[in-house]
Each structure stands twice: as structure tokens, then as C-alpha cells.
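Structure first, then comments.
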There are 2 protein chains.
Amino acid sequence: MIPTMHDVARVAGVSIKTVSNVINDFPHVRPSTRMRVLSAIEQLGYRPNLSARGLRSGRTGVIGLAVPELRQNYFAELADSIIRAAEKHDLGVLVEQTSGDRDREIAVVTGAGRLRLTDGLLFSPERLGQDDRHLLRPTFPFVLLGERIFGGPTDHVTMHNVSSAKAAVEHLLGIGRRRIALIGAHPDQREEVRPADLRLRGYKAALEAAAIPVDPQLIRAVAPWHRENGAEAMRDLIAAGIPFDGLFALNDTLALGALRALGEAGWRVPDDVAVIGFDDIDEARFSVPSLSSVDPGRDEIAETAVELLVERINERDDERLPPLLVKSEFRIVARESTGFGRSS
Amino acid sequence: MIPTMHDVARVAGVSIKTVSNVINDFPHVRPSTRMRVLSAIEQLGYRPNLSARGLRSGRTGVIGLAVPELRQNYFAELADSIIRAAEKHDLGVLVEQTSGDRDREIAVVTGAGRLRLTDGLLFSPERLGQDDRHLLRPTFPFVLLGERIFGGPTDHVTMHNVSSAKAAVEHLLGIGRRRIALIGAHPDQREEVRPADLRLRGYKAALEAAAIPVDPQLIRAVAPWHRENGAEAMRDLIAAGIPFDGLFALNDTLALGALRALGEAGWRVPDDVAVIGFDDIDEARFSVPSLSSVDPGRDEIAETAVELLVERINERDDERLPPLLVKSEFRIVARESTGFGRSS
DNA sequence: GTGAAAGCGCTAACAT
DNA sequence: ATGTTAGCGCTTTCAC
């Protein structure tokens, strides 16, 4: 049988309370008693039952992370960072994939599904949007990630989409490019608050500031942001015969697909076209040529999100703070695809 | 307050047992009673407390997955597949990263740490090896992944390393390559049971079968299998001036790094050097040129591993079956880097 | 077909 | 500084 606290108490010749005190580092325990308990624990191979502890304390020590899918590099790296950040708070992370399924995203935010064993939830939506804001009810500790929903009733950690996209385009302008294409716009072309729309807005703002007219032919809609779609959009653009000397891809995956299509077509990067992506995934450093990108501050996002969640978990109901919006710092990472050296 | 079963029972005008019966789809409940209970649940927004259920039943409905780190593509894709496979069994997945830290791997296999809230563990070691076999004590449901430890006392799901590596080299031989380099051998060059050693053995076997002598100069040690190290090994090999016309990289990440180094040096792939990797990560389809690889059957590994774990979880102590070793089917995926078309 | 009650292993009053 | 005890919310005999 698996030993319980009672067994430990019996072996150590103390009460169960003392065992609990030792385990939870309660201060007032005589060193000799502590030693006896510790050796009993060792001897029996005792491990606290976390379900019992969870039942009693109302805490499981686990938080949930819901992302579209881990095979997308960005989310794998985000999950990696979040798991590391959670470790510092001694929290485990239960990872749920919503797989681009709206109903699953709804199930997740409404607290259904497997994630109920958790103390709180980090959620990165891919289908829910601004109109679904009302679904986010702060009935449990919850931190929103990403840039599809703004102004909701929960904490939110995101990036400076508009200004960092603007900076990316300014980077291309800075190396003399004037005909800058964009791939990854949202197919419906509405101006909403989605990453695609915000980054497109940054693109337009940069061109406008440089007094360069926006050419709609250079703006290509792509969804979803998969590599093959990036390649396809690039092939279309090339086939259309519209001249361009710069490319802003709304994420790195698209950019890598585009790089491939440019390579196939015999275009040289950055000589013929300078390319910049967005996200700064690990892979950007190792493509041929290496890919310039926008580092949106993923580690910072992860740490901030976990910290906010922990605060919400520890918050008492009668002292609840208003929802917080945090935007991480970004930076432009210049690599070969915009004519810079091999350094990362 | 969060409603409990008692509240539901009160509202529905039944006993707590009946509520439990309804929730657990117990057959003998009168339809009218069931309806009353269901609407009470709806009305109160009742959700079962999983900690209580876990305490009572001894099951949490969560399994642990311990991998080195998710930012490595292979593990992100493995985690993705495993989470999907676990879903089918209605299990959540708590993901732990061991970060290439031996002590953390030991903590994980001995059942310490955060993973105690789980019903069982899937473990993919990166540091523990054959000599640590004794640490794997089947005191809880456990399935080993990967190819660093064989003959242990637990179930094990792995791939056909030797024969699939042999097939990869045969693929290169089949397109007429005779001077085939290998990158990713283990630096200590001992013949152990590690992926590097097993795949190296497959390489040698293929050459031997083709009556081609093994040239030690063509075998490059690399550790760890990171992209930059693959690039570096390739640069070294090129700098050494040893002629070669084929390359077998022991995983895709190395191969992609090598591809980059070949590109830098102005070598054409596959014309000058045909390249094949191992793992068939998503990225292999989209590199320039696309990368031929060995698909080790990752989805199959994930599904088999979860199934074995579920069986172990459901197994009674007095009917325990001997440990099982399962090897997934592999296949060679020929792409541009070995002269084949753009199809995946 | 439904109810009453015990108890899973732990924590936290409260008592000593 | 340590012991006693009452639950946390659920499942599960065992009655009826």
C-alpha cells in the first residue's frame, strides 16, 4: 500500500499534525523531531497525495495553458517559456490544444473540459475574436494572451503589434527599399483587432510616414499563417509581375515559406528582395539566408503572464483589482535577409 | 460559493447519490429524475471537483509527459501528437521539461516533483542512459520513449533505429552516391545504445552491404544535435577538403544546419551533395531545398505510448504483464535534397 | 431506483 | 512544540 501521513506519524512516533508541519516547513518544529519525521518519510518512501491536498486547500499547483497547437513553432516556444516561468512558482502546466476549433476554445474559456483540475488558465485564442469578448468571464484566474481580443474583463499580456510592425517596415525603408510587399493580411480585409489587422496598420503607418503610397496589389491575404501558404502567396505575387524590393511577412513561418518560393524563382535575398518576418522563432537564425525579424519579447510575455496569473490565484475575492493590460517590449533583429551579418 | 453535489441534490430534490449516478452515466436512473438533476446542474452551473474525485477514485485523469524541451521541434511535434492521443482517452497532459538536466530526469523517473498529480508518466530521456536502467522502477504506470535505454523493466516505445538508418544510407547509395558523410556521431565513439550509436551502426551496415569501406574521416561527431552544431560540423568537413557526395545527418535539425553551411560554401544540393536527415519534422518539407528524411512514425509512437500507459493504469497489481517493447514502422521520405520532386 | 453514511489523505482550527 | 479533530467534495458500499 501507498503510505499516508498516518503511517509516517506512526513510524516517527509523532502525530499527523507534526508530519504536516514538517512537510510544509512550518517553523515551530524541534530539530530532533523534524529529523525523526524526515527519516520516517524516507524509510517509507512517503509522497504527499496531491489530490487530497488539492481538495483540502483548494489549490492543485497546476495551471492550464491552452494554445492552438504545439507543432506551430511560435506556440511550442511560448509553451516552453511558460513552463519555465511556471516552474519558478512551483507550478505544473497542463497543456491543452484547441486545434483551431472554435468550440474547443469556448469550452476552454468557460471552464469546461479537462482544465478544471487547474488553479488558473493562460489562453491564447486563434478563433475567438473581439465579438466573443463577453465569453471571457473572470470567474476563475485567467490571463489572456495574443492579440485577437482587447478590452475584455481579464488580464491580458500581449505585444506592441502596431508599433513593432511599423518598426519592421521602417527597417526595410532604412535600407532603401521602397516597394514593400506584405503577406499575411486577413482575407476579409476588415479592420479589426487581430494580429493581421494591427500589423497591417503598422505597415501602412510606416509607409505613410515615409510618404510612400500604399499599393493594394502589394498586400496579399494569407490564412492561416502556414509555411506553405506563405510560399504560395509569394509565388502568386511573383507571377503577378508586380515589382517589389522588400517583403514584410506578418510572421516568421510565412516569411520562411516566402523565402523558399523566392529561392525557387531564382530571386536573391536580400539583393533582389529584403525580407523581414515577425516573432523571431529559433528557426529564423538558421534559415538560408537567416531571417530578420521582430522579437516580440516572448520570454517576457511568458513570465509576465504567469506572474499575473499567480497574483490572481492568490487574490482574495474582496480585493480584486481591475483587469490589467501589459505589452511586452519588442526589438528588431536584423539578419542576412535584410543585408546584415550572420550574428543573431 | 462554488456549488457542490449537495447543492445540486437539494435543488433537484434528490439525494447526492442520485446526482453522482447521473454524472457518471449510471444506468439505473429514471429518465424524469435524470432530467431534474441535469437541469439543477445547469441552473447552478455545477462542475464536479476533480480533486475530490481524484482523492476518492485514485485517478486524476492526467498523465505526465517529460521531454527535454519543447523548443526542439521533434519534441514539440511529439508532445502535440501525444496530447491528441491522450484526448481520445479523455486524459489531460501535464508537460514537464527536463532541460537536459540529469538530476531533473532522475527526479522525474523516481516520481518526485510536480508530476505526482498524474496517473502515469511518459518519459523521453536525454541524459539518462543504459547505465541508469536500474532507476526505472515500475512502481507507477510508466512508458519509456526514445532510444537511450533498452531492456529496462518498463514498457518502451521506440523506433527501428538501425534498420531505418540503414535504409536512409541505402537511399543515398541508390542514387549513386558513394562518398557518404555522416554528422551527429557521439563524441565518445563508444558503441552504446544511444540514437547516435544505433544510427551509426545502420550507416556502417549499409556501406558494408554495398562493399564500400567506411572512411572515419567522413564520420563527424556532433553534440548536442542543434542546428548550429550541424552547420559547424559541415563547415569543418568542407574545410578539411575531404571529398564527399552524400550526407546522412542523424537528425533533421543537424541536416538543416548542414544545408545552411553547404549553401554558404556554395555547394549545390543535391547536385554536389545529396542530403538525408532523420525524424521528418514538419520543417523538412519547407526548407530550401526540401529535406529528405526518415519518418520514424511519430504519431504511431504517440498513440502506442498512450495506449500502453492507459493499459498499465487500468491494470490490476495481481495481473501485471511483462514489459513490452514496441517499435514503430518507419519510411523513407524522398524530397529535393536527394533529387526528388517537391511533393512531401 | 434511490437514500444514508463512511471515508479517501490532507490541512487548519483549536486545544494542550 | 505537538496532539485532536472536523471537514474539503466526491464515490461507493449497503440498505431500503
Side-chain angles (χ1 to χ4, degrees), chain A residues 1-38 40-41 44-62 90 111 114 116-119 140 313-314 316-317, chain B residues 1-38 40-41 44-62 90 111 114 116-119 140 313-314:
Chain A
M1 263 321 285
I2 292 170
T4 75
M5 266 193 173
H6 281 103
D7 301 321
V8 175
R10 199 167 22 75
V11 170
V14 298
S15 87
I16 176 178
K17 171 67 161 97
T18 304
V19 178
S20 175
N21 284 344
V22 170
I23 287 171
N24 298 301
D25 296 317
F26 202 70
H28 306 295
V29 179
R30 199 181 302 152
S32 64
T33 315
R34 177 183 300 277
M35 288 314 297
R36 283 222 311 292
V37 171
L38 253 24
I41 288 176
L44 294 171
Y46 168 78
R47 301 269 164 223
N49 177 320
L50 297 191
S51 288
R53 180 180 285 176
L55 173 57
R56 185 61 243 224
S57 66
R59 297 280 180 80
T60 61
V62 175
D90 223 7
R114 252 176 310 286
R116 273 171 300 136
L117 195 65
T118 57
D119 295 335
F140 54 94
I313 290 170
N314 292 329
R316 287 174 35 196
D317 278 357
Chain B
M1 264 322 284
I2 293 170
T4 74
M5 266 193 172
H6 281 104
D7 301 321
V8 175
R10 199 167 22 72
V11 170
V14 298
S15 87
I16 178 180
K17 168 68 162 106
T18 305
V19 178
S20 174
N21 284 345
V22 169
I23 288 171
N24 297 302
D25 296 318
F26 202 70
H28 305 295
V29 179
R30 200 180 301 152
S32 64
T33 314
R34 176 182 301 276
M35 287 315 298
R36 282 222 311 291
V37 171
L38 252 24
I41 287 176
L44 293 171
Y46 168 77
R47 303 264 166 227
N49 177 320
L50 297 191
S51 287
R53 181 178 284 176
L55 173 57
R56 187 61 242 226
S57 67
R59 297 279 180 80
T60 61
V62 175
D90 223 7
R114 252 176 310 287
R116 272 171 300 137
L117 194 65
T118 56
D119 295 334
F140 54 93
I313 290 170
N314 292 329

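In what follows, every chain begins at residue 1, and chains take the letters A, B, ... in the order their sequences are listed.
Between A:Arg30 and D:dA1 there is no side-chain N or O to OP1 or OP2 distance below 4.0 Å. The phosphate of D:dC8 has neither OP1 nor OP2 within less than 4.0 Å of any side-chain N or O from B:Asn49.
Taking all atoms of both residues into account, the shortest heavy-atom contact from B:Ser15 to B:Ala9 is C-CB, 3.7 Å. Closest heavy-atom contact between B:Thr60 and A:Ser51: CG2-OG, 3.6 Å. The two residues B:Arg59 and B:Ile313 make their nearest non-hydrogen contact at NH2-O, 3.4 Å. Closest approach of A:Ile23 and A:Met5 over heavy atoms only: CD1-CE, 3.8 Å. B:Val19 and B:Val37 make their closest contact through CA-CG1, 4.1 Å (heavy atoms, listed as atom of the first residue, atom of the second, distance). Scanning both residues, B:Val11 and B:Leu44, for their nearest heavy atoms gives CG2-CD1, 3.8 Å.
With a cutoff of under 4.0 Å to any heavy atom of chain A, the contacted region of DNA chain C is bounded 5' to 3' by C:dG9 to C:dA13.
In this entry the distance linking CE of A:Met5 with P of D:dT5 reads 18 Å, nearest Å. Rounded to whole Å, atom C1' of D:dT2 lies 11 Å from atom CZ of A:Arg36. The separation between B:His6 atom NE2 and D:dC10 atom C1' is 9 Å, rounded to whole Å. For the pair A:Arg53 CZ and D:dG9 P, the interatomic distance rounds to 18 Å; values are reported in whole Å. Between A:Asn21 atom CG and D:dT4 atom C1' there is a gap of 13 Å when expressed in whole angstrom units. Between the C1' atom of D:dG9 and the CD1 atom of B:Ile16 lies a distance of 7 Å, rounded to the nearest Å. If you measure from atom NZ of B:Lys17 to atom C1' of D:dC10, you get 12 Å, rounded to the nearest angstrom. When the P atom of D:dT2 is taken as reference, atom CG of A:Asn24 falls 15 Å away, rounded to whole Å.
Within 4.0 Å (heavy atoms only), B:Tyr46 reaches sugar-phosphate atoms of the nucleic acid but no base atom. Backbone-only engagement by B:Thr4 is indicated by non-hydrogen atom pairs under 4.0 Å involving sugar-phosphate atoms exclusively. Across all strands shown, B:Thr18 has heavy atoms under 4.0 Å from sugar-phosphate atoms exclusively, and none from any base. If you check every strand for non-hydrogen atoms under 4.0 Å, A:Ser51 touches nothing.
You'll find the side chain of B:Thr4 stays beyond 4.5 Å of the side chain of B:Asn49, heavy atoms only. Side-chain contact check for B:Leu117 versus A:Leu117: some heavy-atom pair is nearer than 4.5 Å. You'll find the side chain of B:Asn24 reaches within 4.5 Å of the side chain of B:Arg53, heavy atoms only.
Checking D:dG3, D:dC10, D:dG7 against every side-chain atom of A:Arg56, the shortest atom distance belongs to D:dG7.
Contacts classified as salt bridge (Lys or Arg N to Asp or Glu O under 4.0 Å) and involving residues 10-28 of chain A (residues at least two apart or in different chains) are given here: A:Asp7-A:Arg10.
Rounded to 10 degrees, the angle separating the terminal axes of the helix from C:dG1-D:dC16 to C:dT16-D:dA1 is 30°, with each axis obtained from five end pairs.
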